[in-house]
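Input: a single structure, listed below in structure tokens.
All values below come from the heavy atoms of this structure, side chains included, with hydrogens, waters and symmetry mates left out.
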Amino acid sequence: MFHQMEGQKVEPDEICFNEIIRIHVKQSAPEKAKNVLAQMAQRHLTPTVVNFNTVMDACAKAGEPLLAKEVLAEMQATSSHCPDVYSYSALAAAWARKGDALEASRVLDDMAGQRLVPNEHVYGAVIHACNRSRDAIRATQILQRMSEEMVKPNVVCFSSCILTCAKVRDAAGAEALFSAMPARRVEPNAFSYAAVVHAHCAAGDIETAWQRLRNMRHAGFDITVSTMRPFLKAGMHAGPEVMRWVFEAMLQNNLPFDDEFREGVMSVIGVEAAYALLRSYGRI
């Protein structure tokens, strides 16, 4: 249709070009998206902030932070519009894809230099970068920085921080964050509960993890196979007695498990013992 416009001598405008850029976003082709900006320049069209930001979005989704920085620099040099919060959010998201917490956090400083106030999406991208790089200390600091700058953390920011603590076996840190959510008027979701369960399992505190699992069910959230998987790892590490307790408690409460979980249990407590439990609860 774009070529038909040219054939009919209808000049495409910035909106038409943005639709072409959006196609490249969906195809994870940031280089092609960036080339559209050059095509616009050839037609003496000045890209708008929306055009630039859509290209930045392509870079973020493809995990190309260096290319995103090039687009941002080009935007600052050639556009009559200054980069906005969305521009920097996309840059932070691109660094998050790479798992580079240091570079992602520098985006906040860059925004401060431009007198822009990051929103929860920018902070969320930076915390996600910390999550991917297992930097729980920095993630918690970023969450604190949000409060200092009067930006209310959303449930995604809190949950990502909790999961980061879980990855480094910091159950105390995860529990502190989870417990702080109601005071900050943030309602935990299924991911929040699963993350704090994961943290306690990773630290070997199966009893507290199980209590949080009960809280999760009481709050009305579905417990999935993924939610239960940390119990397998914790049980395998703790030994047969604990593994048997965990598996029987799961059967008593009709909790889900998959073949991998069942086989893991069998490898710890033995095939006969596992099948005896399965038969007694009608789960063969």
Side-chain angles (χ1 to χ4, degrees), residues 2 11-130 138-139 141-154 156-157 160:
F2 188 83
E11 284 295 324
D13 60 8
E14 295 88 342
I15 297 173
C16 295
F17 276 106
N18 205 63
E19 291 307 307
I20 302 299
I21 295 170
R22 278 162 48 85
I23 292 171
H24 296 312
V25 173
K26 292 180 180 180
Q27 294 179 341
S28 296
E31 287 282 0
K32 290 182 178 180
K34 185 175 180 294
N35 288 340
V36 175
L37 299 177
Q39 294 172 25
M40 293 180 69
Q42 290 171 3
R43 293 173 178 266
H44 305 291
L45 279 175
T46 301
T48 66
V49 66
V50 174
N51 297 141
F52 277 110
N53 283 348
T54 309
V55 177
M56 294 281 289
D57 189 38
C59 297
K61 286 181 167 56
E64 293 288 351
L66 296 180
L67 187 61
K69 287 187 72 173
E70 287 181 19
V71 176
L72 189 70
E74 185 177 333
M75 185 179 185
Q76 292 169 324
T78 63
S79 176
S80 57
H81 304 283
C82 295
D84 58 12
V85 173
Y86 188 91
S87 313
Y88 285 99
S89 178
L91 179 58
W95 284 119
R97 275 272 190 177
K98 285 290 186 183
D100 194 325
L102 178 59
E103 288 294 341
S105 61
R106 283 175 177 163
V107 172
L108 301 175
D109 298 328
D110 293 342
M111 293 184 71
Q114 297 294 322
R115 296 185 179 180
L116 288 172
V117 178
N119 60 18
E120 69 272 17
H121 300 296
V122 182
Y123 279 112
V126 177
I127 292 172
H128 182 56
C130 297
R138 190 186 298 273
Q141 289 172 344
I142 295 299
L143 198 68
Q144 180 60 35
R145 181 170 173 174
M146 292 182 74
S147 301
E148 292 169 357
E149 298 196 4
M150 306 298 290
V151 179
K152 181 184 176 182
N154 58 23
V156 176
C157 294
S160 189

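Once rounded to the nearest 0.5 Å, the distance linking OG1 of Thr54 with NZ of Lys34 reads 15.0 Å. Distance check, rounded to the nearest 0.5 Å: NE2 of His128 to CZ of Arg97 gives 7.5 Å. Taken from NZ in Lys69 to CG in Leu91, the straight-line distance is 7.5 Å, to the nearest 0.5 Å. How far SG of Cys82 is from CE of Met75: 8.0 Å, rounded to the nearest 0.5 Å. Interatomic distance, CG of Asn53 versus SG of Cys59, reported as 11.0 Å (0.5 Å rounding). Taking CD1 of Ile21 as the reference point, atom CG of Leu37 lies at 5.0 Å (rounded to 0.5 Å).
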_Does Tyr86 form a side-chain contact (heavy atoms from CB on, under 4.5 Å) with Asp57? I'd like the steps, not just the answer._
CA-CA 9 Å; Tyr86 188 91; Asp57 189 38; 3.6 Å; yes
*Please walk me through it: do Ile20 and His24 pass side-chain contact (heavy atoms from CB on, under 4.5 Å)?*
CA-CA 7 Å; Ile20 302 299; His24 296 312; 4.0 Å; yes
*Stepwise side-chain contact (heavy atoms from CB on, under 4.5 Å) check, Ile127 with Leu143*: CA-CA 8 Å; Ile127 292 172; Leu143 198 68; 4.0 Å; yes
*From CA spacing to verdict: salt bridge (charged side-chain N to carboxylate O under 4.0 Å, His left out), Glu103, Arg106*: CA-CA 5 Å; Glu103 288 294 341; Arg106 283 175 177 163; 2.8 Å; yes
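A donor-acceptor contact shorter than 3.5 Å links the side chain of Asn119 to the backbone of Val122. Ser89 places no side-chain N or O within 3.5 Å of a backbone atom of Val85 that could act as its donor or acceptor partner. Formation of a donor-acceptor pair under 3.5 Å by the Ser160 side chain with backbone atoms of Val156 is not found in this model.
Counting heavy atoms from C-beta outward, Glu14 and Val50 have side chains that stay 4.5 Å or more apart. Leu108 is listed as a side-chain neighbour of Tyr123, based on a closest heavy-atom distance under 4.5 Å. Here the side chains of Trp95 and Leu102 are not in contact, with every heavy-atom distance at 4.5 Å or above. With contacts defined as side-chain heavy-atom distances shorter than 4.5 Å, the pair Lys152/Glu120 does not qualify. Residues Pro83 and Gln114 fail the side-chain proximity criterion, which asks for heavy atoms closer than 4.5 Å.
With hydrogens and angles left out, the side-chain atoms of Thr48 and Asn51 include a donor and acceptor closer than 3.5 Å. Side-chain polar atoms of Ser87 and Asp84 form a donor-acceptor pair below 3.5 angstrom.
Across all their heavy atoms, Ala93 and Ala60 have their closest contact at CB-CB, 3.9 Å. In terms of heavy atoms, Pro30 sits closest to Glu64 at CG-CG, 4.0 Å. Across Val126 and Ala104, no two heavy atoms sit closer than the pair CG2-O, 3.4 Å. Taking both residues in full, the closest heavy atoms of Gly124 and Cys157 are given as CA-SG, 3.8 Å, listed atom of the first, atom of the second, then distance.
Sparse packing is recorded around CZ of Arg22, with 12 or fewer heavy atoms of other residues, nucleotides or ligands lying under 6.0 Å away. For Arg43, the CZ atom counts as densely surrounded, since its 6.0 Å shell holds more than 12 non-hydrogen atoms of other residues, nucleotides or ligands.
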